[in-house]
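Chain A is the first sequence line, chain B the second, and so forth, proteins listed ahead of strands; every chain is numbered from 1.
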Amino acid sequence: MKLLSYILLLTFGILLIYAANKLPTRGHPDNPINRDTSLAGTPAASAHYIRNAEKEMHTPNVVTTILADYRGYDTLGETTVIFCAGIVVFLILRRQRDGSKV
Amino acid sequence: MVQRSDSIIVGIVSRFMVPLIQLFALYVIAHGHYSPGGGFQGGALLGASVLLLRLTVGEQPSNLVFHKKYGTPMSGFGVFIYAAVGVAAMIGGGVYLDYANLPIAGMEPAALRSLGILLVETGVGIGVMATMIAIFDDLAKGDFHD
Amino acid sequence: MIWQLELIIYLLLIASAIVALRAKDLLAAIVVLSVYSFGSAFLFAILGAVDVGFTEAVVGAGITGILFLAALYYTTRKSVD
Amino acid sequence: MIFEHFPILIPLPLLLGAMIAAPLGVWKRDLAYPIALFATGVSLFFAVSGLIFVLNTGTHHYHLGSWAPPIGIEYVVDALSSFVAVIVVGVGFLVMIYSHRSLQRELPNKEVPFHSVSLLFLAGLSGMVVTGDLFNLYVFLEIASLSAYALVSVGEKRAPVAAFRYLLLGTIGASFYLLGLGYLYLVTGSLNMLDTAKIIPLLQEHGLVLVALTLMIVGIGLKMAMFPLHLWLPDAYTYAPSAGSAYLAPIATKVSAYVLIRILFTVFEPAFVRDEFSFTSVIAWLSAVGIIWASVMAIAQKDLKRMLAYSSVSQIGYIGLGIGLANPLGFIGAVLHIMNHAVMKATLFLVSGNIFYRLGFTDIPKFDDKLRKMMPFTSVAFVVAALSMIGIPPTAGFFSKWYLVLGSIDAGNWIFVFVIALSSLLNVVYFFRIIEKMYISKSKTLSESTVEEIKMREAPISMLIPTLVLAIAVIVLGLLNAVIVDSVIKLAMPNGL
Amino acid sequence: MTDFFIGHIAYYFIIALLIIGLWGMLFKKNLVKKLIGMNILQSSIIIFYVASASKYNATVPVIDPRLGAINPAHYINPLPHTLMLTAIVVSVATTGVALALLIVIYKRYKTLNEDELLERMK
């Protein structure tokens with residue numbers, strides 16, 4: 001059984017390496033993630049961010065603009081995840097007694 | 001509670017370090033527009049500075065900096081700032097989180113967006129700081145351990 | 001992107017990951033995990049992701065380690081594997 | 001005017017409610033529950049009005065931060081997502097009403113954070129449902145998962161261990177999803193679902209897309225407890241507190257099933273996953289095995305909640321089978337079963353919570369006819385839901401199975417028809433065992449332990465009403481199934497199915 | 001060939017890290033070790049995203065408008081960085097929750113070893 005799991009793990013690794021060989025070569029400007037438009041002709045996000053971030057929100061750090069504005073809703077979710085972790089630890093480890101504040 | 005350190009050197013050095021870390025953290029939050037950093041990193045640094053005090057000088061003195069009973073309310077408040085900025089944009093006539101429609105008169109959209117980013121990052125900073133401290137306090141001294 | 005330097009850090013990361021998983025003392029394992037985090041923060045800085053590197057340095061090497069320590073204080077340091 | 005914003009207004013009240021309920025609850029304990037109930041009510045109102053709006057005017061796109069899709073995040077509310085959102089928030093609302101008294105009995109000193117966490121749980125699930133962005137889905141998946149671990153962990157006995165296991169497997173699932181998304185993003189350059197769907201057919205090389213799809217399906221499958229990946233589910237549902245399992249069982253896995261539908265049929269084309277690479281038939285066969293295996297396991301269980309947990313695995317198999325058939329009738333069956341199973345399983349878990357509230361145990365061998373005399377309404381609700389699980393008309397469960405059978409026949413696969421029939425028989429075995437104990441067998445243990453006169457001691461009214469509402473819904477939804485299929489699910493049919 | 005090698009070799013190391021993390025999660029008996037494995041797994045995926053975003057002859061995505069016309073080829077792709085900030089936060093949140101669970105488990109069963117845990121749960 002343990003041997004089977006190891007084989008499964010190795011197979012998984014080989015599958016991933018097979019996939020990694022087919023990935024676009026790292027660092028070229030014409031990789032799909034770096035292009036100006038996608039294959040379907042829709043605008044690609046990253047190039048738009050780099051071109052317009054400074055103009056649209058007076059903020060040179062592109063990562064900040066994406067984090068807080070272009071994809072701001074993700075960051076709301078991210079902050080909620082942290083808040084959620086806080087509440088969850090509160091739920092697991094604290095008891096609220098009658099009459100007393102926590 | 002995790003035992004405080006008995007070494008005087010550790011105590012004094014950490015007392016000296018904490019204000020510097022906090023100053024740097026505030027800089028990181030406020031300067032996130034121009035350089036690496038932002039609400040999350042700054043908040044985590046602020047949290048880490050309080051955690052350093054909790055570890056070195058003990059619970060009572062560090063409660064003066066940030067009392068443990070504020071952990072959960074402040075984390076809720078931080079996230080609430082973020083969500084409320086989005087709602088304010090909705091009240092201003094835009095869609096959710098559209099900072100260009102924040103109801104503040106006399107600012108062009110780009111400046112408003114910049115301001116919105118700052119507000120949001122502040123919320124994230126407060127939330128992350130308080131949550132980190134709250135998680136540590138619960139792990140180190142929840143009522144569970146009674 | 002200096003790929004030779006990158007490779008050295010990958011080797012360091014793999015080594016520290018294995019050490020962290022094999023250490024019998026959990027405190028040591030967590031310290032090595034912090035080393036791992038710090039290595040990956042350095043890697044992010046090389047790859048041009050300064051924000052991610054900053055965050056990883058603060059969170060991975062700082063907060064995660066502290067949380068692990070706080071939990072270990074109430075559990076046990078020993079591990080059989 | 002405010003209705004233009006309804007997509008964001010489905011998860012937002014829940015998030016805001018959680019943020020407000022926790023601090024105020026720390027200050028004054030009694031405030032948490034009304035806030036939670038109010039927030040869920042507001043969210044339910046917008047979910048229902050959103051469904052009506054969508055059915056009248058068609059799909060609604062909501063660009064968060066007013067950035068058009070490939071640049072920003074969009075919320076897409078079409079017939080399918082608004083339908084699932086109504087189910088999620090609706091069942092969540094009823095369980096929220098129910099959880100108050102149940103928590104006062106089981107976790108008296110953890111009420112406030114529990115309400116806050118359950119709000120976050122509902123917010124995460126409803127966010128997953130309405131989002132149109134693959135990475136945003138991951139974020140909300142994590143919110144829902146973290147709160148789900150917590151809902152499990154506060155139970156008795158082995159609950160923390162079950163929750164820890166759930167956490168490890170759930171994290172593996174989320175990581176696989178993220179890795180698959182990374183592969184997909186590297187070849188398409190887009191994170192938006194509809195945008196990605198446009199790009200994928202134009203790609204020259206399919207090997208990478210296949211690996212990405214496999215990783216995403218395995219990840220979502222872990223969250224959904226698809227057959228060989230269900231290992232976390234029985235323990236988690238068994239040891240969670242009654243309110244926790246009542247939240248988890250009906251909706252958590254269903255939303256993952258919905259995500260699976262989205263990925264297979266919206267991001268990828270049905271023709272791609274069905275004809276070119278037979279992903280869907282793998283899912284269908286695994287589900288078929290899972291249906292039988294989990295039904296057999298359910299027969300062997302002695303604890304009511306554990307039996308219901310295994311029955312959940314088997315019912316998720318039905319949904320997987322419907323998705324795997326990848327034809328219109330199978331799709332209708334799967335979506336209808338998402339709704340039916342949410343309602344039926346919610347009823348059953350609420351019933352088991354009611355029994356636990358009064359008796360303090362849920363061991364099946366200890367049940368006898370005194371239980372029925374003590375709790376007549378709960379027993380009736382149990383019988384209705386059990387009949388629906390078995391698939392007896394006119395209860396809701398019959399119709400989804402009917403569509404699944406039609407879909408199997410349509411696909412020319414008689415083995416699946418046989419599987420569905422066999423599993424219905426197995427369902428009869430394990431539910432009639434309990435009904436027999438409740439209605440026929442003369443009392444042994446219960447009567448001996450208490451000599452007092454048998455009198456009615458139903459669960460409190462705030463726990464009984466949601467149970468009965470859900471039990472009535474089982475029948476009403478069964479009678480209305482033609483309306484639901486015609487006016488909602490047929491509109492939700494993906495292109496090219 | 002060398003171009004391909006340099007462009008892909010990082011992925012092999014990342015996959016090795018991922019497999020090490022999975023191995024730790026699945027085969028280590030100590031629950032803290034499982035958590036360490038989980039951290040390694042999550043960070044390997046973060047490294048995967050960040051590594052795939054890197055670009056030759058490009059600089060960090062902080063734009064100086066005084067440098068004239070902005071060419072996206074001169075700046076590293078910022079979107080994966082943003083996504084990974086979120087993923088880091090998720091990973092620390094998960095770790096916090098898991099540690100809370102560990103404390104409860106230790107309180108109830110006085111062990112963190114999986115075999116002993118299964119023994120004591122009977």
Side-chain angles (χ1 to χ4, degrees), chain A residues 26-27 29 31 33-34 36-38 42-102, chain B residues 31-40 43-44 68-69 71-76 78-83 85-86 96-100 108-121 123-128 130-146:
Chain A
R26 224 146 60 91
N31 282 350
I33 55 169
N34 296 336
D36 267 353
T37 54
S38 67
T42 46
S46 304
H48 179 272
Y49 298 148
I50 295 172
R51 276 187 208 285
N52 300 322
E54 219 288 323
K55 190 169 62 199
E56 279 171 350
M57 47 202 80
H58 291 181
T59 304
N61 189 352
V62 186
V63 175
T64 302
T65 63
I66 305 172
L67 195 71
D69 198 339
Y70 290 114
R71 294 184 72 86
Y73 195 64
D74 268 356
T75 311
L76 177 61
E78 168 202 311
T79 320
T80 312
V81 169
I82 270 287
F83 169 69
C84 183
I87 295 291
V88 166
V89 176
F90 176 8
L91 171 64
I92 295 173
L93 289 179
R94 251 193 273 181
R95 294 199 193 100
Q96 233 173 340
R97 291 194 203 83
D98 284 323
S100 75
K101 291 168 190 175
V102 174
Chain B
H31 208 252
H33 289 50
Y34 306 99
S35 64
F40 185 77
K68 65 177 185 254
K69 74 181 175 191
T72 309
M74 285 278 275
S75 62
V79 193
F80 185 77
I81 291 178
Y82 201 135
V85 171
Y96 191 67
L97 287 176
D98 182 3
Y99 308 136
E108 52 167 335
L112 264 178
R113 285 187 181 279
S114 186
L115 178 71
I117 291 173
L118 184 64
L119 288 176
V120 160
E121 298 272 19
V124 175
I126 294 173
V128 169
T131 314
M132 291 298 175
I133 297 169
I135 291 179
F136 176 83
D137 284 345
D138 286 346
L139 285 180
K141 190 182 172 59
D143 289 4
F144 188 82
H145 295 300
D146 292 350

Q: Taking all non-hydrogen atoms of both residues into account, name the closest pair between A/Gly86 and B/Ile135 and its distance.
A: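 Minimum heavy-atom separation between A/Gly86 and B/Ile135: CA-CG1, 3.9 Å.
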
Q: Indicate the atoms forming the closest heavy-atom contact of A/Arg94 with B/Thr72, along with that distance.
A: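 Smallest interatomic distance, heavy atoms only, reads NH2-OG1, 3.0 Å.
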
Q: Does A/Tyr73 reach the main-chain N or O of B/Tyr96 with its side chain, forming a donor-acceptor pair under 3.5 Å?
A: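 Judged by distance alone, no pair lies under 3.5 Å.
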
Q: Assess the residue pair A/Ile82 and B/Phe40 against the criterion (side-chain contact (heavy atoms from CB on, under 4.5 Å)); give the C-alpha distance rounded to whole Å, side-chain angles, the decisive distance to 0.1 Å, and a yes or no.
A: CA-CA 10 Å; A/Ile82 270 287; B/Phe40 185 77; 4.3 Å; yes

Q: Could you tell me whether the side chain of A/Thr64 and the main chain of B/Gly32 form a donor-acceptor pair under 3.5 Å?
A: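 Confirmed, A/Thr64 side chain pairs with B/Gly32 backbone.
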
Q: Looking at A/Glu56 and B/Arg113, what are the two nearest heavy atoms and their distance?
A: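 Smallest interatomic distance, heavy atoms only, reads O-CD, 3.5 Å.
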
Q: Out of curiosity, B/Leu118 CG to A/Thr59 OG1, how far, rounded to the nearest 0.5 Å?
A: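 Separation between the atoms: 9.5 Å.
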
Q: Counting heavy-atom pairs under 4.5 Å with chain B, which one of A/Leu76, A/Ile87, A/Thr80 comes out on top?
A: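 Heavy-atom pairs under 4.5 Å are most numerous for A/Leu76.
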
Q: Give me the atom names and distance for the closest heavy-atom approach of B/Ala111 to A/His58.
A: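 The answer is N-ND1, 4.3 Å.
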
Q: Under 3.5 Å, side chain of B/Tyr82 to main-chain N/O of A/Gly72, donor-acceptor pair present?
A: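 Checked: pair present.
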
Q: Do you know the tightest heavy-atom contact between B/Gly76 and A/Phe83?
A: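 Nearest heavy atoms, B/Gly76 then A/Phe83: CA-CE1, 3.4 Å.
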
Q: Could you report the tightest heavy-atom contact between B/Tyr99 and A/Ala68, atom names first, then the distance?
A: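 Closest approach of B/Tyr99 to A/Ala68, heavy atoms only: OH-O, 2.6 Å.
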
Q: Closer than 3.5 angstrom, by distance alone: can the side chain of A/Asn61 be matched with the main-chain N or O of B/Ser35 as a donor-acceptor pair?
A: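 Confirmed, A/Asn61 side chain pairs with B/Ser35 backbone.
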
